[in-house]
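Chain A is the first sequence line, chain B the second, and so forth, proteins listed ahead of strands; every chain is numbered from 1. Computed from a predicted structure; not experimentally measured.
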Number of protein chains: 2
Amino acid sequence: MTKMPDNDTFVFEQPCPIRDVLDRIGDQWSLLIMETLAPGTLRFNALMREIGDISKQMLSRTLKQLEQDGFITRTLYPEVPLRVEYALTDLGHSFLEPMQQLITWAETHHRTIVIARERYQST
Amino acid sequence: MTKMPDNDTFVFEQPCPIRDVLDRIGDQWSLLIMETLAPGTLRFNALMREIGDISKQMLSRTLKQLEQDGFITRTLYPEVPLRVEYALTDLGHSFLEPMQQLITWAETHHRTIVIARERYQST
DNA sequence: CAGTATCCGCATCGATACTG
DNA sequence: CAGTATCGATGCGGATACTG
């Protein structure tokens, strides 16, 4: 991204906020999970059912990432059987706002892109 | 994404515009290339120099993808030596608008995220 | 100058068996 | 119910030699 200064002291510093955020939403599931949580709190298996084609593995991993970055909260109720609820934080909600702009753009221009691709094929 | 109907006839159809667009901007270079082209036309090697740490390979591949989707144009001037110029299309420019919202969000909240991560580590 | 072809390492993701 | 651990396939991305 931006040219880094030749200073290995800060190898673990994230120099580029955009990359850092894009890595998160660019992955397979993060955005979808956040959108799914947008209406309200959900439990682990409820999330799995809502999303439909995600594995336990990926749901678990992605949720942990999102929690770690402060996009969602994880609340454990030590009942029997266990209950764990996931919810968007304010940060998570605020993220979905600019994201919604992009989603709208995607929906609006998707056809144009698909057509461009087909045209390119036939060249 | 959205539950697909059980119809394998359309396996190559892109059911989800969001995924489709995100797959493109979620990759390592597409967005950076488009931002680099935003001010104006650039030649292949000029792009390499501007970006700095991209390989010929990836620049070539990504440019082709972007051209294919209609985000940029590629103009060949058959001089000696060869000259090829890349420029954003209207679609490309229009894409950068909602994207700018997201970039601003990322810049604004990046510190918050980094802090959240560190806090999580120490838990 | 502007690429393409080839090869390879590495991270990502999925399936599944197992655990508290 | 809510995960984690393990394994394996797949594909992205980098390095570099080669081409028109």
Q.
Return the pairing partner of dC7(D) with a 3.5 Å limit on both distances, Watson-Crick or G-U wobble; otherwise return none.
A. dG14(C)

Q | Who pairs with dC18(D) - Watson-Crick or G-U, where each distance is under 3.5 Å | A |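 Checking every strand shown, dC18(D) finds its partner in dG3(C), with both distances under 3.5 Å.
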
Could you tell me how far apart [X] ([atom1]) and [N] ([atom2]) are, to the nearest whole angstrom?
{"X": "I54(B)", "N": "dC12(D)", "atom1": "CD1", "atom2": "P", "answer": "15 Å"}
{"X": "E79(B)", "N": "dG3(C)", "atom1": "CD", "atom2": "P", "answer": "14 Å"}
{"X": "D23(A)", "N": "dG13(D)", "atom1": "CG", "atom2": "P", "answer": "10 Å"}
{"X": "L59(B)", "N": "dT16(D)", "atom1": "CG", "atom2": "P", "answer": "17 Å"}

(Q) Assess whether a salt bridge exists between D20(B) and R117(A), defined as any Lys/Arg side-chain N lying under 4.0 Å from an Asp/Glu carboxylate O. (A)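 The answer is yes: the pair qualifies as a salt bridge.
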
Taking OP1 and OP2 of [N], is either one under 4.0 Å from a side-chain nitrogen or oxygen of [X]?
{"X": "R61(A)", "N": "dC13(C)", "result": "no"}
{"X": "R74(B)", "N": "dG3(C)", "result": "yes"}
{"X": "Y86(A)", "N": "dC1(D)", "result": "no"}

Between [options], which nucleotide has the shortest distance from any of its atoms to the side chain of [X]?
{"X": "R43(B)", "options": "dT4(D), dC1(D), dC1(C)", "result": "dC1(C)"}
{"X": "K56(B)", "options": "dA2(C), dG14(D), dA2(D)", "result": "dA2(C)"}
{"X": "S55(B)", "options": "dG14(D), dG3(D), dA17(D)", "result": "dG14(D)"}

Q.
Reading DNA chain C from 5' onward, which residue's closest nucleotide shows up sooner: Q57(B) or N45(B)?
A.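 Result of the comparison: N45(B).
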
Q | Toward the 5' end of DNA chain C, by each residue's nearest nucleotide, L82(A) or G26(A) | A |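 This one resolves to G26(A).
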
Q.
Are more than 12 heavy atoms, taken from residues, nucleotides or ligands other than R83(A), located less than 6.0 Å from that residue's CZ atom?
A.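 Yes - once you tally the heavy atoms of other residues, nucleotides and ligands closer than 6.0 Å, there are more than 12.
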
Q. Does a donor on one side chain and an acceptor on the other come within less than 3.5 Å for Q57(A) and R61(A)?
A. yes

**Q.** Test item: T89(A) side-chain N/O and F71(A) main-chain N/O as donor-acceptor pair under 3.5 Å
**A.** yes

